[in-house]
Novice: 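This is the structure I have questions about; it appears just below.
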Amino acid sequence: MAYGGGGGGGGGSGGRAIRVLNVAEKPSVAKAVSGFLSKNQQGGLRVRDGRSRYNRIFEFNHTINGQPCHMSFTSVTGHLMELDFDDRFRRWHSCDPVDLYHASVRKFVPEDKSDIRRTLEEEARKCQWLILWLDCDREGENIAFEVIEVCTQANRNLNIWRARFSALIEREIQNSLQNLVRPNQLFADAVDLRQEIDLRIGASFTRFQTMFLRDAFMINLATDDRNLVISYGPCQFPTLGFVVERYWENQSHEAEEFWTINCTHNTDEGTANFKWMRGHFFDYTCAAIVYEMCIQEPTVTVTEIKEQEKLKYPPLPLSTLELEKRASRFFHMSPAHTMKVAEDLYQAGFISYPRTETDRFSEKTDLRAIVFEQQGHPLWGSYAQLLLNPEAGLWRNPSSGRRDDKAHPPIHPTRFSPGESGWSRDHHRLYELVVRHFLACVSQPAKAAETSVEIDIAGETFSSSGRVIHAKNYLDVYTFESWGGSMIPTYTLGQQFMPTTLTLDSGVTRPPPLLSEADLLTCMDKALGQMQRCMSTYRSCLIDIMQ
DNA sequence: GCAAGGTC
């Protein structure tokens, strides 16, 4: 890769330090990265204030691929720019809501971000290079181009680079600085498009339905001090749809009585509960007739015995969606809170970047090194040691999911911690989940022997099964999941006995439960997958047509 | 007065 060259005497300036402006997405990242990069550098780390009181500027010396650099490191706070309609469309009655689909829009730096803009302009004028340290997701790429726009307006000759990193740990940061790439315009464009669609649909529908419903229900603004805006956004509606759909199913459910036949058998080895293979009948008379036949001739004959080894596999490597679902299931943490806590852990360097779709590890990842780090933990350290011991036979290369966002690895621990004093209970729990999940991924599945027995009573079939766990394996460390064992007595084929009980039982159908947050995430993910498949079909159709 | 995405 050819560094320098392009802008205002980069690498070619004969050993003289070039001035580099570095920009992160948030102040904490600017501080953390500056901390790593200024280590062991002459002059250490200096800090000064910029125009914005939250976004300070860190300064230090560094060398990029042999080129001495003077680094200034500042930050933005998320998006620098906003998208909105031109002023003449801003008032609600200025146009028909449908006109908002072609009204002109503009992207600009809002008033409360103008101090950050000034800092960027002033610093950009002094620099030859610009390195973008924004989060490595689509929004980050879009913010990168917002920063580029502001900076290049102040200095046309900037040589612009993108640092890519998935964890706020020193090794990763040093590595990304020595392997700079160019920013990706296509990712940024995708976000611009999403912003425009959200704005046009949201504003036009919200104005339309608010005004329409006000008139329809004759709500008088003068006497009603509620600020009634009935908002519509492309993001809310699928979510609301799933929630409401399930609610309606739940409400319209009519409980229905059903009947089933159960059989139990006690021996000195234990009890077997046999379930009727027909499930249940909604018609009492039918069930009663069959039951009557069984009672007349209640002798049981064992007709089939199946024994097989059953495996329960560890989960796939951890993506954001799974992290949210599991934190919701295991700890009742809301997805929003989970992501806040995960972000804290990421910023302190304990886990990798928590926003990832990837559920497969790259072959280059040194999985054993990650396990190695965890050996000293009081709770799971001994399990980590066992994993690394080849004689234990516990290790297994992790399964690979089908998703790869090509930007970040699955969420995994990046730094050992026995727990930090500043952590809340949820920080502890989430770190524990990430570590235990990772250790589970590289472990053997749990193994059990399952026996299923089928019996015949008067021509009706019943079945029961028992399970004996032979090796818990990953379940020893993944304590959030369990796999119950159950014993049933030993039977032989053709054996005959009398049932201990043979009963006709009734039950009532239950409505489907309201959607949990974890269920909702699953619905959204499924719908996203369907949409992506549609899009890809559509895309190949277009390509066909064009050829 | 409107969206959704960043972040303080």
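Lettering of chains follows the sequences in order, A, B, ..., and the numbering in each one begins at 1.
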Novice: With a non-hydrogen cut-off below 4.0 angstrom, is A/R91 in contact with a base, only sugar-phosphate, or nothing?
Specialist: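 Here A/R91 touches no strand at all.
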Novice: Let me know the distance between CD1 of A/I143 and C1' of B/dG6, rounded to the nearest Å.
Specialist: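 Checked: the CD1 to C1' distance equals 5 Å.
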Novice: Closest to the A/E25 side chain: B/dT7, B/dG5, B/dC2?
Specialist: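 Taking heavy atoms from C-beta onward, the closest nucleotide is B/dT7.
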Novice: Both A/I201 and A/S28 contact DNA chain B. Which one's nearest nucleotide lies toward the 5' end?
Specialist: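 Looking at the nearest nucleotide for each, A/I201 comes out on the 5' side.
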Novice: Can you check the A/L213 CG to B/dC2 P distance for me, whole Å?
Specialist: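 After rounding, the gap between these two atoms is 16 Å.
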Novice: Considering only B/dG5, B/dC8, B/dC2, which nucleotide approaches the side chain of A/T77 most closely?
Specialist: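 Of B/dG5, B/dC8, B/dC2, B/dC8 is nearest to the side chain of A/T77.
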Novice: Scan A/Y232 against the nucleic acid and name what it touches under 4.0 Å (heavy atoms): base, sugar-phosphate only, or nothing.
Specialist: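 A/Y232: backbone/sugar contact only, no base atoms under 4.0 Å.
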Novice: Can you sort out which residues in residues 110-118 of chain A have a heavy atom within less than 4.0 Å of DNA chain B? Ascending by number, please.
Specialist: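 Contacts with DNA chain B under 4.0 Å: A/K113.
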Novice: Is NZ or CZ of A/R182 both nearer than 6.0 Å to the six-membered ring centre of A/W161 and within 45° of the ring axis?
Specialist: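 Yes, A/R182 sits over the ring of A/W161.
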Novice: If a pair satisfies ring pair (Phe, Tyr, Trp, His ring centres under 6.0 Å) and one of its residues is in residues 103-126 of chain A, list it, with sequence neighbours excluded.
Specialist: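 The answer is none; no pair qualifies.
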Novice: In whole angstrom, give the distance that lies between atom OH of A/Y346 and atom P of B/dT7.
Specialist: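 Computing the A/Y346:OH to B/dT7:P distance gives 10 Å.
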Novice: Considering only side-chain heavy atoms of A/D135, which listed nucleotide, B/dT7, B/dA3, B/dC2, is closest?
Specialist: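 In terms of side-chain proximity for A/D135, the closest of B/dT7, B/dA3, B/dC2 is B/dT7.
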Novice: Atom CG of A/D192 and atom P of B/dG5: how far apart are they, to the nearest Å?
Specialist: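 These atoms are roughly 15 Å apart.
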Novice: From C-beta outward on A/R207, which listed nucleotide comes closest to its side chain: B/dG5, B/dG1, B/dC2?
Specialist: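 Given the options B/dG5, B/dG1, B/dC2, the side chain of A/R207 is closest to B/dC2.
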Novice: Out of curiosity, A/D137 CG to A/I143 CD1, how far, rounded to the nearest 0.5 Å?
Specialist: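 The CD1 atom of A/I143 is 7.5 Å from CG of A/D137, to the nearest 0.5 Å.
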Novice: Suppose we screen for side-chain hydrogen bond (donor to acceptor under 3.5 Å, both in side chains). Which residues come up paired with A/D525, at least two apart in sequence or across chains?
Specialist: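 Partners of A/D525 by the side-chain hydrogen bond (donor to acceptor under 3.5 Å, both in side chains) criterion, ordered by chain and then number, come out as A/R403.
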Novice: Which nucleotide in the list B/dA4, B/dC2, B/dG1 gets nearest to the side chain of A/H93?
Specialist: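 Among B/dA4, B/dC2, B/dG1, the one nearest the side chain of A/H93 is B/dG1.
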Novice: Just call it for A/P97: base, sugar-phosphate, or nothing, with non-hydrogen atoms closer than 4.0 Å on any strand.
Specialist: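 Answer is nothing: A/P97 stays at 4.0 Å or more from every strand.
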Novice: Of A/K107, A/R200, A/R106, A/R90, which meets salt bridge (charged side-chain N to carboxylate O under 4.0 Å, His left out) against A/D84?
Specialist: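 Exactly one option meets the salt bridge (charged side-chain N to carboxylate O under 4.0 Å, His left out) with A/D84, and it is A/R90.
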Novice: Quickly, which of A/L130, A/D115, A/T74, A/V109 forms a side chain to side chain contact (heavy atoms under 4.5 Å, CB included) with A/L120? Name it, please.
Specialist: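 Per the side chain to side chain contact (heavy atoms under 4.5 Å, CB included) rule, the option paired with A/L120 is A/T74, out of A/L130, A/D115, A/T74, A/V109.
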Novice: Look at the side chain of A/R355 and decide which nucleotide, out of B/dT7, B/dA4, B/dC2, has an atom nearest to it.
Specialist: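 Within the option list, the nearest is B/dT7.
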Novice: Report yes if some heavy atom in the side chain of A/T338 is under 4.5 Å from a heavy atom in the side chain of A/S328; otherwise report no.
Specialist: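 When only atoms from C-beta onward are counted, A/S328 and A/T338 do not touch, as no gap falls below 4.5 Å.
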Novice: Which whole-number value in Å describes the distance from A/Q347 CD to B/dG6 C1'?
Specialist: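 Whole-Å distance recorded here is 13 Å.
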Novice: Which part of the nucleic acid, if any, lies within reach of A/L83 when heavy atoms closer than 4.0 Å are counted: base, sugar-phosphate only, or nothing?
Specialist: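 The residue A/L83 makes base contact.
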Novice: Measure CD/A/E82 against C1'/B/dC2 and give the value in whole Å, please.
Specialist: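 Atom CD in A/E82 sits about 13 Å away from atom C1' in B/dC2.
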Novice: State which of B/dT7, B/dG1, B/dA4 makes the closest approach to the side chain of A/P27.
Specialist: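 Closest nucleotide to the A/P27 side chain: B/dT7.
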Novice: Between B/dG6 atom P and A/E146 atom CD, what is the distance in whole Å?
Specialist: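 Interatomic distance, CD of A/E146 to P of B/dG6: 12 Å.
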Novice: May I ask you to verify whether the side chain of A/S231 and the base of B/dC2 hold a donor-acceptor pair under 3.5 Å?
Specialist: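 In this structure, the two groups form no donor-acceptor pair.
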Novice: Looking only at side-chain atoms of A/F85, point me to the closest of B/dC2, B/dG1, B/dT7.
Specialist: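 The answer is B/dC2.
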Novice: Strictly distance-based, threshold 3.5 Å: is any side-chain N or O of A/E82 a donor or acceptor partner for the main-chain N or O of A/P110?
Specialist: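 No, the answer is negative, given that no donor and acceptor are paired below the 3.5 Å cut-off.
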Novice: Atom CE of A/M211 to atom P of B/dG1: distance rounded to whole Å?
Specialist: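 Roughly 14 Å, once rounded to whole Å.
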Novice: What nucleotide, of B/dC2, B/dT7, B/dA3, holds the atom closest to the side chain of A/L199?
Specialist: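 Selected nucleotide (nearest to the side chain): B/dA3.
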Novice: Nearest nucleotide by nearest heavy atom, which residue falls closer to the 5' end of DNA chain B, A/E343 or A/D198?
Specialist: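 Closest to the 5' end, via its nearest nucleotide, is A/D198.
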Novice: Taking atom CZ as the centre, does A/F372 end up with more than 12 heavy-atom neighbours from other residues, nucleotides or ligands that are less than 6.0 angstrom away?
Specialist: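 For A/F372, atom CZ is not crowded (no more than 12 foreign heavy atoms under 6.0 Å).
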